[in-house]
There are 2 protein chains.
Amino acid sequence: MPEPSANADFLAQWRFALAPYNLGYKVKLTSQLMYRAFQERLEPHGLTPFHYLVLCCLWEEDGLSTSGIADKLKQLGATLTGVVDRMESRHLVYRERDPSDRRIVRIWLTEEGRQLMQVLPPLGAEVIEQATANLSKPDQETLLRLLDQVVQNLL
Amino acid sequence: MPEPSANADFLAQWRFALAPYNLGYKVKLTSQLMYRAFQERLEPHGLTPFHYLVLCCLWEEDGLSTSGIADKLKQLGATLTGVVDRMESRHLVYRERDPSDRRIVRIWLTEEGRQLMQVLPPLGAEVIEQATANLSKPDQETLLRLLDQVVQNLL
DNA sequence: CGAAAATAGTTAACATGCTAAGGATTAGCG
DNA sequence: CGCTAATCCTTAGCATGTTAACTATTTTCG
């Protein structure tokens, strides 16, 4: 077992790659806390933050395919299958096979799913306001820009 | 059903709170992509990124309690129980009840868990390098600082 | 035209990550 | 000293989110 001081030197040297100081952990924790804050607000509607992501895609363009939504959100198809299952059981969306290409399942909003467009975005805005309470406008824009760059680097 | 143009106006107005443009989604996606990149590198070792988080805590201070690790990582106790279960089954750590307070379970590194300190941080550093490839040093520091501020706002 | 490749979606198994609840133990208070 | 509150950890159930494999369908290519 190496001397404690050798360990301490090693840890000091690699601190930028170690939790809870590293970028990966900070991003993960930020994501978790925003998720929790949003989940609290969605819970009265019986929804989860991922439901919101799918609804956002469909409010912008109803009748997207499962793979279309997956592409927009950069998620795997298997993930979408499970989420759409649960949204269907909550009568937010319904599935319909595309008649011109029977491989494709299209996801359509129900009236309830459509109505939520008036209700949910303000809740999302509240979370963003809370998260960025003491950040200047330029800092908020910088944060979004830097996240976009990290995403581009990893895609 | 409101006119399409009314919907489009509404969506334009709330765009900053809608996926895939909103802060929450960007942070989530960034976290997922960093997780995937790290997972690819850890897979040959049979580890997951969360194992790494726990190992980081124990490399810095061996013998932490389950709740101590949970506090450091801002996770719930139930989450730690499951992760430590799996790390134990991989012989990375072992559990020992604290003799002076039998409520407490302390988590100790095995020799294998200790040895990984030489191996894993460089892999984490690779992910960070890839993620921040075209970001200047000041921009990297800004990103970390802004994430810290968001975390503070949400805690 | 037919076979192979590609696409779409689902299923199964596993790893988080959450809430709620319960058992065991210790701390605090009257 | 005894009871209550608090703490610690675990368990159970549910929601992602992954990989791998499968079925069904369409596209591509020789």
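Hydrogens, waters and symmetry mates are skipped; everything else that's a heavy atom, side chains included, is used. Letters A, B, ... are given to chains in the order of the sequence lines, protein chains preceding strands, and every chain is numbered from 1.
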Need one value for [X]: base, sugar-phosphate or nothing, where a base atom within 4.0 Å counts as base even if backbone is also close, heavy atoms only.
X     : value
A/L76 : base
B/T81 : base
B/R86 : base
B/K28 : sugar-phosphate
A/R95 : sugar-phosphate
A/Q75 : sugar-phosphate
A/T66 : sugar-phosphate

Give the rounded distance in Å between these two atoms: [atom1] of [X] and [atom2] of [N].
X      : N      : atom1 : atom2 : result
A/H51  : C/dC18 : NE2   : P     : 17 Å
B/Y52  : C/dT16 : OH    : C1'   : 19 Å
B/L80  : C/dG17 : CG    : C1'   : 11 Å
A/R103 : C/dA8  : CZ    : C1'   : 6 Å
B/R36  : C/dT16 : CZ    : C1'   : 15 Å
A/R97  : C/dG9  : CZ    : P     : 8 Å
B/K74  : C/dG17 : NZ    : P     : 15 Å
A/Y25  : C/dG17 : OH    : P     : 10 Å

Output field: ring centroids B/Y52/B/F38 closer than 6.0 Å:
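Yes, the ring centres sit under 6.0 Å apart.
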
Starting from the 5' end of DNA chain C, give me the residue, B/R102 or B/L53, whose nearest nucleotide shows up first.
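That would be B/L53.
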
Donor-acceptor pair, side chain of A/Q149 and main chain of B/T132, under 3.5 angstrom:
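No, A/Q149 side chain to B/T132 backbone: no donor-acceptor pair under 3.5 Å.
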
When you measure from the side chain of A/S65 to the backbone N and O of A/V105, does any donor-acceptor pair fall under 3.5 Å?
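Between the backbone of A/V105 and the side chain of A/S65 there is no qualifying donor-acceptor contact (under 3.5 Å).
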
5′-ward residue of the pair A/Y35/A/P99 relative to DNA chain D:
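Residue closer to the 5' terminus by nearest nucleotide: A/Y35.
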
Is the count of non-hydrogen atoms from other residues, nucleotides or ligands lying under 6.0 Å from A/R15 atom CZ greater than 12?
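No, not enclosed.
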
Heavy atoms of other groups near A/R97 CZ, more than 12 under 6.0 Å:
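Check passes, neighbour count above 12.
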
If you walk 5' to 3' along DNA chain D, what is the first nucleotide with an atom under 4.0 Å of a heavy atom in chain A, and what is the last?
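Footprint of chain A along DNA chain D, 5' to 3': D/dA15 to D/dT27.
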
Verify the distance criterion only: is there a donor paired with an acceptor across the side chains of B/Q115 and B/E111 at less than 3.5 Å?
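There is such a pair (donor and acceptor under 3.5 Å, judged by atom type) between the side chains of B/Q115 and B/E111.
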
Report yes if at least one side-chain N or O of A/Q32 is closer than 4.0 Å to OP1 or OP2 of C/dT16; otherwise report no.
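Checking C/dT16 against A/Q32, no side-chain N or O comes under 4.0 Å of OP1 or OP2.
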
If you round to the nearest 0.5 Å, how far is CD of B/Q130 from CG of A/L154?
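Output value for this atom pair is 5.0 Å.
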
State which of C/dT10, C/dG17, C/dC18 makes the closest approach to the side chain of B/A78.
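When the side chain of B/A78 is considered, C/dC18 is the closest of C/dT10, C/dG17, C/dC18.
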
Evaluate the criterion side chain to side chain contact (heavy atoms under 4.5 Å, CB included) for residue pair B/H51 and B/V83; output intermediate values, then yes/no.
CA-CA 7 Å; B/H51 297 159; B/V83 175; 3.9 Å; yes

